[in-house]
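In this chain, numbering begins with 1 at the start of the sequence shown. Being a predicted model, the structure only gives us computed values, none of them experimental.
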Amino acid sequence: MLELSDVTIRYGQHLAVDRVSATVAPGETVVILGANGAGKTSLLKAISGIITAQPGSAIRFQDCDVTGTPAHEITGAGIALVPEGRGLFGGMTVRDNLRLGANPARARALEKERLELVHDLFPRLAERQGQIVRTMSGGEQQMVAIARALMSNPDLLLLDEPSLGLAPIVVQELFRALARIRETGVGLLIVEQNVRLSLGIADRGYLMEAGRLTGEGSADDLLTDDAVQNAFLGTV
Ligand code: ATP
């Protein structure tokens with residue numbers, strides 16, 4: 001469904017992502033693991049059309065070349081990003097944030113059904129429809145961010161460190177919701193530092209170091225891989 005070939009991203013002279021090739025099959029859940037600064041956020045931004053990859057990079061989605069396609073068209077094509085920092089409209093209500101998520105043409109007619117789906121996934125949002133987002137807890141805001149992305153009726157959801165800054169119990173709740181989203185058939189590409197929980201719901205994973213992919217494997221293999229254990233799981 002998503003195919004990255006030789007994706008390279010530069011900020012001036014700085015090479016942030018160096019010829020990354022990776023795939024996500026329809027309905028697959030894939031995790032990218034890597035330290036801070038490895039280039040994971042840049043990669044998600046390039047897929048979402050927020051930044052432009054270097055010439056020679058190719059991003060294909062559902063058999064279309066979407067390299068360099070602007071962000072709103074990428075959402076319209078069926079890719080939704082839940083950015084690091086969430087990107088919500090803090091002064092607006094939950095309801096209005098979710099409505100804005102349903103803006104792409106592919107989602108407008110389905111707004112009611114999508115709302116039922118996200119309320120089923122996150123019952124707390126159904127109870128808090130009129131709450132101003134900035135008055136919510138971090139975990140609740142993350143739920144709004146994921147729910148808003150789902151309102152666009154995506155085939156692929158990109159999640160940038162969804163667990164960042166959240167209490168362990170909230171993170172567990174969030175990953176239970178992600179596992180349910182996965183069951184609906186939506187593909188997930190997740191950048192995460194929480195290795196165990198993210199690999200726990202994933203089919204496959206990639207390791208990213210200093211802009212390059214340095215390893216890949218099934219989620220089960222990565223969970224027992226020495227390099228992953230040493231780098232991320234602190235079980236040396
Ligand atoms: P983190 O988990 O800290 O967000 P990351 O793996 O997502 O890390 P990126 O945010 O993609 O990494 O950053 C990759 C590299 O590119 C880093 O060295 C970072 O400093 C640099 N970088 C990112 N954004 C910019 C920018 N707008 N201008 C210049 N350099 C940038």
Original post:
What's the spacing between T214 OG1 and L207 CG if we round to 0.5 Å?
Top reply: 5.0 Å

**OP:** With salt bridge (Lys or Arg N to Asp or Glu O under 4.0 Å) as the test, would you mind laying out the steps for R180 and D120 before giving the verdict?
**Re:** CA-CA 10 Å; R180 286 187 61 204; D120 182 49; 2.9 Å; yes

**OP:** Take K40 and L43 through the side-chain contact (heavy atoms from CB on, under 4.5 Å) test and state the conclusion after the steps.
**Re:** CA-CA 5 Å; K40 309 177 303 295; L43 196 58; 5.7 Å; no

Original post:
What are the two closest heavy atoms between P154 and V186, and how far apart are they?
Top reply: O-CG2, 3.8 Å

Original post:
Is it true that atom CZ of R134 has more than 12 heavy atoms of other residues, nucleotides or ligands lying nearer than 6.0 Å?
Top reply: no

Subject >> I50-L157 co-clustered via ILVMFWY side chain contacts under 4.5 Å >> reply: no

Original post:
Got more than 12 heavy atoms from elsewhere within 6.0 Å of CD, E209?
Top reply: no

**OP:** Side-chain contact test, heavy atoms from C-beta onward, threshold under 4.5 Å: evaluate it for F61 versus I74 and give yes or no.
**Re:** no

**OP:** May I ask you to decide if L100's main-chain N or O and R148's side chain share a donor-acceptor pair within less than 3.5 Å?
**Re:** no

Subject >> In one Ile/Leu/Val/Met/Phe/Trp/Tyr side-chain cluster, 4.5 Å: I190, L81 >> reply: no

Original post:
To the nearest 0.5 Å, how far apart are CD in Q129 and CZ in R99?
Top reply: 9.0 Å

Original post:
Given the rule that I, L, V, M, F, W and Y join up when any side-chain heavy atoms are under 4.5 Å apart, are L178 and I169 in one cluster?
Top reply: yes

Subject >> Beyond-backbone contact of L98 with E111, side-chain heavy atoms, under 4.5 angstrom >> reply: no

Original post:
Out of curiosity, does L125 fall in the hydrophobic cluster containing I146 (side-chain heavy atoms, cut-off under 4.5 Å, transitive links)?
Top reply: yes

Original post:
How far apart are the closest heavy atoms of I201 and T29, and which atoms are they?
Top reply: O-CG2, 3.5 Å

Original post:
Looking only at atom types and distance, does a side-chain atom of Q141 sit under 3.5 Å from a main-chain N or O of M136, one as donor and one as acceptor?
Top reply: yes

Subject >> From L15 atom CG to R212 atom CZ, the distance as rounded to the nearest 0.5 Å >> reply: 8.0 Å

Original post:
How about V191 and M208: do any of their side-chain heavy atoms sit closer than 4.5 Å?
Top reply: no

**OP:** List the steps, then state whether side-chain contact (heavy atoms from CB on, under 4.5 Å) holds for N36 with Q193.
**Re:** CA-CA 9 Å; N36 285 341; Q193 307 230 347; 2.8 Å; yes

Original post:
Between T23 and R204, is any pair of side-chain heavy atoms under 4.5 Å apart?
Top reply: yes

**OP:** Please report the C-alpha distance between L159 and L189 in whole Å, then the side-chain angles of each, then the deciding distance to 0.1 Å, and finally whether the side-chain contact (heavy atoms from CB on, under 4.5 Å) criterion is met.
**Re:** CA-CA 6 Å; L159 295 129; L189 179 58; over 6 Å; no

Original post:
Hey, are the side chains of Y206 and V30 touching, using non-hydrogen atoms and a 4.5 Å cut-off?
Top reply: yes

Original post:
Ignoring hydrogens and geometry, is there a side-chain-to-backbone donor-acceptor pair from E73 to P70 under 3.5 Å?
Top reply: no

Original post:
Would you say E28 and M1 make side-chain contact, with heavy atoms under 4.5 Å?
Top reply: no

Original post:
Which atom names give the shortest non-hydrogen contact between V20 and G211, and what distance separates them?
Top reply: CG2-O, 3.6 Å

Original post:
In Å, rounded to the nearest 0.5 Å, how long is the span from CD of E84 to CD of E161?
Top reply: 5.0 Å

Original post:
Do F89 and D96 have side-chain heavy atoms sitting under 4.5 Å apart?
Top reply: no

Subject >> Gap separating the NE2 atom of H119 from the CD atom of E127, nearest 0.5 angstrom >> reply: 10.0 Å

Original post:
Would a 4.5 Å heavy-atom cut-off, applied to side chains only, mark L2 and I59 as touching?
Top reply: yes

Subject >> Main-chain N/O of S57 paired to T8 side chain as donor or acceptor, under 3.5 Å >> reply: no

Original post:
Roughly how far, to the nearest 0.5 Å, is CD of Q172 from CG of L166?
Top reply: 12.0 Å

Original post:
For V31, does its backbone N or O pair with a side-chain atom of E192 as donor and acceptor, under 3.5 Å?
Top reply: no

Original post:
Between L121 and A177, which heavy-atom pair has the shortest distance, and what is it?
Top reply: CD2-O, 4.0 Å

**OP:** Please report the closest heavy-atom contact between P162 and L174, naming both atoms and the distance.
**Re:** O-CD2, 3.4 Å

**OP:** Report the C-alpha separation of M143 and R128 in whole Å, then their side-chain angles, then the decisive distance to 0.1 Å, and conclude whether the side-chain contact (heavy atoms from CB on, under 4.5 Å) test is met.
**Re:** CA-CA 12 Å; M143 290 175 198; R128 308 286 188 90; over 6 Å; no

Subject >> Common cluster, M92/V144, ILVMFWY with side-chain heavy-atom separation under 4.5 Å >> reply: no

Original post:
Sub-3.5 Å donor-acceptor pair from the side chain of R106 to the main-chain atoms of N153, do we have one?
Top reply: yes

**OP:** Could you go through the side chain to side chain donor-acceptor pair (under 3.5 Å) check for D65 and T67 one step at a time?
**Re:** CA-CA 6 Å; D65 184 355; T67 325; 2.4 Å; yes

Original post:
Which pair of heavy atoms, one from L158 and one from L44, lies closest together, and at what distance?
Top reply: CD1-O, 3.9 Å

